[in-house]
Amino acid sequence: MKLRTQAAPDHLHNPVAIVGAGPAGLMLSHLLHLQGVESVVLEKQSRSEVESTVRAGILEQGTIDLLRKTGVGERLDREAEIDEGISVSIAGDSHRIDFAKYTGKQVAVYPQHEVLIDLIAQRLSDDGEIWFNTEVTAIDDHETDNPKVHYQAADGTSGVLSADFVIGADGSKSLTRKLITGAGGLRMKHEYPFAWFGIMVNAPQTAPELIYATHPAGFALISTRSEHVQRYYLQCDPEDTPDMWSDERIWEQLHLRADSDAVTVSEGEITDKAVLCFRSAVTDPMQRGRLFIAGDAAHTVPPTGAKCLNLAMADICALAPRLAHAVKKSDTSALDDYSKLALPRVWKTQHFSSWMSSMLHSVPGADQMSTQFQTNRRLAELSTVVTTDAGRQLLAQQYVGWDFPSIDSF
Ligand code: DHB
């Protein structure tokens, strides 16, 4: 097994250079390899940082199927919790959304870093090139047939990798995206007046399925990591900092917002506290010349529904077969369709994340009667969704996710 922790100066040209070893970058290099196309992944963080960063944990049916089909689903099948529904709690009144009944599909509770651990192990056992601790500092000539990636490794060495194609999978603070937005590409954005305070807890599971709870005091989400480790979120102000949330305040608010006759939130030692911001953004187009962007580099969704990783995987399913064809046949025509193919799904997912967020969170306003109007309207919408077959089906369909583009044909 070849483990590269930094750039190798002997590798000066590669068919595909991928910036970022997140879900999009690693899955792309894996799918290209399965199609007989090699790539280099450049990642500024160390392998252990990539494998330990806390992120969301829900895999759509399409992501589960993709991991299984491409030989990286074995640990997922052994360890992940498979859920066939969620509960939506409205001030303690619980409504189950039955995914199996409405869609025949499931979701897996399997955190992002576990997916990354599995993909890295697979890439390295396939002799794949991942250059950890290697920051991309600039990209140029991406509007020619021979783009260049300039990089600097943590030990100070630097170099230039030339490639036939460059893929920006470098996350929400993407450097690669700026080459598209700086050349006339659009970046459409939306900010939300709330955020989440996320905690990791050593405690037994509160309930067999996730609980999305709305309450006059704000939203709470009860999720899980394992039998002994739980992941909880509380709606908070975007300006909040972890020191404003004492353990006592956290437990008081979790019980207030998420307890019901049937459920009491389980308590334990809190091992991690962090504020997660709410933001939507979409870049259009997701390509320029021989540069293509995917995942968070191209778009960001608010965390409700945990769509980021799934959207990244769907982008890659659209990109990988077209890119493999372009490399093997020297024919880039199918790649021209990448943005057109990926963006409708991006917008549908933006809509879902934004819709779920707006139905579940309370928004304080200056005018009391106007705030009360908005709250009552929002709760009427949520109630319509969770108490009708049509509403439950609409929510279930979007939660388990839309079909992925085929990786076998285009
Ligand atoms: C988790 C995160 C989410 O945003 C969500 O909607 C469900 C679960 C999680 O981290 O477990």
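Atoms considered below: every heavy atom in the structure, side chains included; atoms not considered: hydrogens, waters and symmetry mates. Note that ligands are numbered from 1 as they come in the structure, with each ligand's atoms numbered from 1 the same way. Remember, it's a predicted structure, so these values are computed and weren't measured experimentally.
Near Ile58, meaning under 4.0 Å from any of its heavy atoms, are these atoms of ligand 1: 7 (C), 8 (C). The ligand atoms of ligand 1 that sit less than 4.0 angstrom from a heavy atom of Gly57 are 9 (C), 10 (O), 11 (O). For ligand 1 and Arg225, the ligand atoms under 4.0 Å from any heavy atom of the residue are 9 (C), 10 (O), 11 (O). Shown in contact with Leu210 at under 4.0 Å from a heavy atom are these atoms of ligand 1, numbered in order with element: 7 (C), 8 (C). Near Trp196, with a cut-off below 4.0 Å to any heavy atom, the atoms of ligand 1 are 3 (C), 4 (O).
Here the options are Trp245, Tyr212, Phe197, Trp196, the test is ring-ring contact (aromatic ring centres under 6.0 Å, His included), and the partner is Tyr233; only Trp196 passes.
Counting protein heavy atoms only, atom 11 (O) of ligand 1 is closest to Ser223 OG, 2.6 Å. Of all protein heavy atoms, the one closest to atom 3 (C) of ligand 1 is Ala306 CB, 3.5 Å. Protein heavy atom at the shortest distance from atom 4 (O) of ligand 1 is Pro303 O, 2.5 Å.
Note on ring orientation: taking the six-membered ring where Trp is involved, the planes of His361 and Phe219 are tilted (angle from 30° to 60°). Ring orientation note: the planes of His190 and Tyr192 are nearly perpendicular, at an angle over 60° on the 30°/60° scale. Classified by interplanar angle (parallel below 30°, tilted 30° to 60°, perpendicular above 60°), the ring pair Phe165/Phe292 is tilted.
Side-chain atoms of Asn14 never come within 3.5 Å of backbone atoms of Ala17 as a donor-acceptor pair (strictly under, hydrogens ignored).
Of the listed options Tyr232, Tyr233, Tyr399, Tyr212, Tyr212 places a heavy atom closest to atom 5 (C) of ligand 1.
Looking only at atom types and distance, the side chain of Asn310 has a donor-acceptor partner in the side chain of Thr63 under 3.5 Å away.
Looking at ligand 1, you won't find any N or O of Leu221 less than 3.5 Å from one of its N or O atoms.
In this structure, the side chains of Tyr232 and Thr206 come closer than 4.5 Å at one or more pairs of heavy atoms.
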